[in-house]
Undergrad: 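What follows is a structure written as structure tokens; I'll ask about it next.
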2 protein chains.
Amino acid sequence: MGRPATLSRSGIIAAAEVLVRDHGVAALTARRLGNALGCDPTALYRHFTTMSDLEREVGDRFLRAVDVRALDGDDWRTTIRRICLKLRRVQVRQPRLAALVSAAPTRLANEMRITEALLRELDRGGFSGDQAATAYHALIELTVGSAAIDAPLATQPADTRRRTYSDWRREYTELSPAESPASVAVAPHLYLGSADTRFEAALDLLLDGISAQQRIQ
Amino acid sequence: MGRPATLSRSGIIAAAEVLVRDHGVAALTARRLGNALGCDPTALYRHFTTMSDLEREVGDRFLRAVDVRALDGDDWRTTIRRICLKLRRVQVRQPRLAALVSAAPTRLANEMRITEALLRELDRGGFSGDQAATAYHALIELTVGSAAIDAPLATQPADTRRRTYSDWRREYTELSPAESPASVAVAPHLYLGSADTRFEAALDLLLDGISAQQRIQ
DNA sequence: GATCATTTGTCAACAGTGTTGACAAATTGC
DNA sequence: GCAATTTGTCAACACTGTTGACAAATGATC
């Protein structure tokens, strides 16, 4: 009963998703979203208690794109690697949204789906419940955490990004060799390639560590 | 020449540090800081071009607390471990500030100091420049990234935190065993202990992976 | 010593944010 | 028909960062 609703939770989330996709997450404000929906901004508060409630839901919505199926012939490590890379790719595209999602697990549908897949693969790898939980936490912290770090720069165009990285590298090169010998020595290797390749390398190191547990028992 | 300055960059930063320490990072606004300094909020813009400039500087200020010296007899791995744990501890205490610092390297004094120490230890461990850079990136992404994730909850009192974790664990336990078998099976091991111990375990796994590189050449 | 440029702080104002509380419209149950 | 309930609208509050005009206070120059 009551006045018939013209708005709905899912409709609002869908509109919010479009807004974020087209104009970035900074555009996700009550007034802009109300405008897009043709309703008063405060009408949103009838369906979400607070704006970050809505953001949480939109954040999970973006995780739909993460395909967690294991491909034929792929072992646990290959599959986990692919899921983490994909998860990162999605998170990195939505800077501040990623920060919001990562602030606390949303424990909404898509996040649960990804968790299940990761734990499934760890089980397939023969890890104990305890080992699997530890490995899962480590993978999530690295993947989501590094996405939160890299997201801001990821919104910039590719050449701006490259220039930024080479600027940083140069800064380390030009440090005083007396005070910062190690930085100066390693500088040519810092911030080479893309943030994605650096994450890939980090993920491989972590997976090496996790694999080693497998044999230890 | 010109009108004599009653404010200074360092004085403003110091006041901002106190403000953040006493009332949390949310209190770091132009008006509140101006109030604390007994000046007009817009006077700050004579010393910082923008508020996030100021935040960047305050963020680096907090990193002073990270002691990077190697203790006698400690090998590279032990020292790196201690630095990362300490870095995390500082970052976690300042939720949103950590997010700001991690958004882009501040490349200010204290951050450079920590970088130098990590690279120094990796050199001591016999890693090549390329290996050291990769390991450094991985360590920073895990440490700073996971701090950004865990920071929001870290501000809550300990028993609230414990309750939150056990709530999450229960949520995974109560999933449908048909749809989410792996989650249900591993649930009793999820979110056990503190976020700090989970990070420690993740760091150890990563360090295992990094150590393995040492022997590969 | 007066004048001038320059620096620095003050003030009012703008455009934006989330959110609340009173009010009106539109439905269902009695 | 009346009451209860839901839902959207509207005005308003308390904030936010930031800008541009203005005034005060200095050192340098004529």
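Just so we're on the same page: letters track the sequence lines, and every chain starts at 1.
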Undergrad: Quick one: side-chain contact (heavy atoms from CB on, under 4.5 Å) partners of B/A158, sequence neighbours excluded?
TA: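 If we apply the side-chain contact (heavy atoms from CB on, under 4.5 Å) test to B/A158, skipping adjacent residues, the hits are B/R161, B/R162.
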
Undergrad: I need the full list of side chain to side chain donor-acceptor pair (under 3.5 Å) pairs touching residues 36-49 of chain A, with sequence neighbours left out, sorted by first then second residue.
TA: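 Listed once each, the pairs are A/D40-A/T42, A/T49-A/D53.
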
Undergrad: Taking only residues two or more places apart in sequence or in another chain, which ones pass side-chain contact (heavy atoms from CB on, under 4.5 Å) with A/S194?
TA: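 Here the qualifying residues are A/D196, A/T197.
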
Undergrad: Can you name the salt bridge (charged side-chain N to carboxylate O under 4.0 Å, His left out) partners of B/R170, sequence neighbours left out?
TA: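 Residues passing salt bridge (charged side-chain N to carboxylate O under 4.0 Å, His left out) with B/R170: B/D167, B/E174.
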
Undergrad: Tell me: CE of A/M51 to P of C/dG16, nearest whole Å?
TA: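 Between P of C/dG16 and CE of A/M51: 16 Å.
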
Undergrad: Taking C-beta and beyond as the side chain, do B/E179 and B/L175 meet within less than 4.5 Å on heavy atoms?
TA: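 With C-beta onward as the side chain, the pair stays apart.
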
Undergrad: Tell me, please, the opening and closing nucleotides of DNA chain D, 5' to 3', among those with an atom under 4.0 angstrom from a non-hydrogen atom of chain B.
TA: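 Extent of the interface on DNA chain D: D/dT16 to D/dG27.
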
Undergrad: Would you mind writing out the side-chain donor-acceptor pairs for residues 134-148 of chain B within the sub-3.5 Å range, not counting sequence neighbours?
TA:
| residue | atom | partner | partner atom | Å |
| --- | --- | --- | --- | --- |
| B/T134 | OG1 | B/D130 | O | 3.1 |
| B/Y136 | OH | B/T115 | OG1 | 2.9 |
| B/H137 | NE2 | A/Y191 | N | 3.1 |
| B/E141 | OE1 | A/S146 | OG | 3.2 |
| B/T143 | OG1 | B/L139 | O | 2.8 |
| B/S146 | OG | A/E141 | OE1 | 3.2 |
| B/S146 | OG | B/R88 | NH1 | 2.8 |

Undergrad: Tell me which residues in residues 31-42 of chain B put a heavy atom below 4.0 Å from DNA chain C, sorted by number, or none.
TA: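 Output list: B/R31, B/C39, B/D40, B/T42.
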
Undergrad: Residues two or more places apart in sequence or in another chain: which of them pass side-chain hydrogen bond (donor to acceptor under 3.5 Å, both in side chains) with A/R82?
TA: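 By the side-chain hydrogen bond (donor to acceptor under 3.5 Å, both in side chains) rule, A/R82 matches A/D74.
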
Undergrad: Taking only residues at least two apart or on different chains, which pairs with a member in residues 198-207 of chain A satisfy side chain to side chain donor-acceptor pair (under 3.5 Å)?
TA: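 Output for this query lists A/R81-A/E200, A/R81-A/D204, A/Y165-A/R198.
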
Undergrad: Map B/T50 and A/T6 onto DNA chain D by nearest heavy atom, then report which one ends up closer to the 5' terminus.
TA: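 Result of the comparison: A/T6.
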
Undergrad: Please report the distance, rounded to the nearest Å, between NE2 in A/H47 and C1' in C/dT19.
TA: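 Spelled out: NE2 on A/H47 to C1' on C/dT19 is 16 Å.
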
Undergrad: Can you name the residues that form a side-chain hydrogen bond (donor to acceptor under 3.5 Å, both in side chains) with B/N110, not counting sequence neighbours?
TA: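 Checked B/N110 against side-chain hydrogen bond (donor to acceptor under 3.5 Å, both in side chains); matches are B/D60, B/R113.
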
Undergrad: Report which part of the nucleic acid A/A5 touches: base, sugar-phosphate, or nothing (heavy-atom distance under 4.0 Å, all strands).
TA: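 Sugar-phosphate contact only.
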
Undergrad: Return the set of residues passing side-chain contact (heavy atoms from CB on, under 4.5 Å) with B/R32 (not counting sequence neighbours), or none when no residue passes.
TA: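 With neighbours one apart ignored, the set is B/L19, B/H23, B/A27, B/T29.
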
Undergrad: Taking N or O atoms only and anything under 3.5 Å, show me the protein contacts with nucleotides 4-7 of chain C, one pair per line.
TA:
| residue | atom | partner | partner atom | Å |
| --- | --- | --- | --- | --- |
| C/dT7 | O2 | B/R3 | N | 2.7 |

